Amino acid sequence: MTVKISNKIVGYRVKKADPEAAQPAAQPENKPVEMNEYIERPDFLLGTTYKIKPPVAEHAMYITINDILLNEGTDHESRQPYEVFINSKSMEHFQWVIALTRVVSAVFRKGGDVTFLVEELRSVYDPNGGYFKKGGVFMPSLVAEIGAVIEKHLKAIGLIESEEMSEVTKRILAEKRAEFEASHTTATNDDKAGDYPPNATMCGKCNTKAVIVMDGCATCLSCGDSKCS
Ligand SMILES: [Zn+2]
């Protein structure tokens with residue numbers, strides 16, 4: 001309501017709040033809004049099992065990551081990792097491996113962005129030194145290799161973008177490799193398919209022993225990183 005004031009204002013006072021009028025009859029309770037849906041574990045989950053054979057363990061390890069499908073059948077359908085199990089005949093790492101799987105599973109179930117786990121695990125360095133996996137990839141520790149498996153899985157279900165090498169880059173690398181091997185006949189033909197030339201050196205970018213030097217340029221046959229001197 002508007003009131004036109006035609007006289008001079010000579011005084012004013014602040015209107016006191018009417019205690020009865022201010023209180024709406026039945027005030028709705030201010031309940032906090034739950035942003036996370038409560039998820040009960042379904043009776044079955046789909047999962048993937050990865051096998052790793054780290055030289056620091058006597059037997060192979062089987063890493064199973066189970067996923068849960070959220071908002072199934074809607075536009076917001078998404079696949080999220082839900083739990084991780086590690087199985088092995090080897091018992092020497094049993095204690096901390098179980099602890100790690102429980103903590104990682106708990107982080108998975110919390111929801112939200114879980115991709116930070118990959119960086120955390122992959123940057124764990126074994127004070128005894130790491131090891132080379134088949135194919136020349138350096139693993140700084142067993143924990144890091146478990147992190148690499150989780151990364152592979154998160155890439156497979158689309159939570160981490162995988163930077164696919166272009167077909168052109170792949171072809172150039174294959175050509176470079178063939179050329180290098182032809183000019184270094186000493187490179188033996190042991191049937192280690194997928195391995196890089198034996199005298200290849202470490203790549204600082206992808207941690208793979210795949211760097212060869214050709215025409216004054218150090219080129220990584222794994223990721224394509226190249227430096228010319
Ligand atoms: Zn590289």
Side-chain angles (χ1 to χ4, degrees), residues 48-57 60-63 65 81 84 86 93 97 100 104 107 113-229:
T48 315
T49 300
Y50 300 85
K51 180 185 177 182
I52 58 170
K53 180 72 197 71
V56 291
M61 298 177 105
Y62 298 87
I63 303 174
I65 303 172
V84 57
I86 299 183
H93 302 294
V97 165
L100 182 70
V104 170
V107 173
D113 185 17
V114 297
T115 55
F116 71 93
L117 278 174
V118 169
E119 267 315 297
E120 293 292 340
L121 298 180
R122 288 202 65 161
S123 52
V124 172
Y125 285 78
D126 186 341
N128 297 324
Y131 52 87
F132 283 96
K133 271 176 32 148
K134 203 164 177 282
V137 182
F138 180 70
M139 282 296 151
S141 66
L142 177 52
V143 178
E145 187 159 7
I146 293 169
V149 168
I150 293 174
E151 180 177 28
K152 195 174 174 186
H153 185 76
L154 296 185
K155 276 181 179 166
I157 65 173
L159 290 187
I160 295 182
E161 233 176 282
S162 55
E163 60 283 340
E164 268 291 311
M165 222 185 278
S166 75
E167 284 306 312
V168 180
T169 316
K170 275 186 198 163
R171 206 188 54 231
I172 292 171
L173 285 183
E175 277 168 12
K176 276 221 176 238
R177 183 175 185 161
E179 201 183 321
F180 180 82
E181 278 168 359
S183 62
H184 292 71
T185 37
T186 47
T188 50
N189 249 345
D190 51 9
D191 43 18
K192 270 191 179 173
D195 280 5
Y196 296 101
N199 45 353
T201 53
M202 263 302 256
C203 169
K205 199 178 160 202
C206 70
N207 274 351
T208 308
K209 244 181 117 182
V211 177
I212 51 148
V213 180
M214 272 176 75
D215 313 323
C217 294
T219 304
C220 174
L221 293 174
S222 172
C223 69
D225 191 42
S226 181
K227 278 179 203 79
C228 298
S229 50

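Only this structure's heavy atoms are used, side chains among them; waters, hydrogens and symmetry mates stay out. Start at 1 and go down the list; that is how both ligands and their atoms are numbered. On a predicted model such as this, the values are computed, not experimentally measured, just so you know. Residues: numbered from 1 along the sequence shown.
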Set of residues satisfying ring pair (Phe, Tyr, Trp, His ring centres under 6.0 Å) with respect to Phe138, sequence neighbours excluded: Phe132
- prompt: Which pairs, with at least one residue in residues 200-214 and sequence neighbours excluded, count as a side-chain hydrogen bond (donor to acceptor under 3.5 Å, both in side chains)?
  reply: none
message: Heavy-atom count check: over 12 atoms from other residues, nucleotides or ligands less than 6.0 Å from Glu175 CD?
response: yes
- prompt: Is Cys206 close enough to Cys220 that their SG atoms are under 2.5 Å apart?
  reply: no
Under 3.5 Å, which donor-acceptor pairs do the side chains of residues 144-155 form with other protein atoms, sequence neighbours left out?
{"residue": "Glu145", "atom": "OE1", "partner": "Tyr131", "partner atom": "OH", "Å": "2.4"}
{"residue": "Glu151", "atom": "OE1", "partner": "Arg122", "partner atom": "NH1", "Å": "2.5"}
{"residue": "His153", "atom": "ND1", "partner": "Tyr50", "partner atom": "OH", "Å": "2.9"}
{"residue": "His153", "atom": "NE2", "partner": "Asp67", "partner atom": "OD1", "Å": "2.9"}
{"residue": "His153", "atom": "NE2", "partner": "Asp67", "partner atom": "OD2", "Å": "3.1"}

- line: Listed as residue and atom, the protein N/O/S atoms under 2.8 Å from the Zn ion (ligand 1) are Cys203 SG, Cys206 SG, Cys220 SG, Cys223 SG
message: Check this for me: does any side-chain nitrogen of one of Glu167 and Lys170 sit under 4.0 Å from a carboxylate oxygen of the other?
response: yes
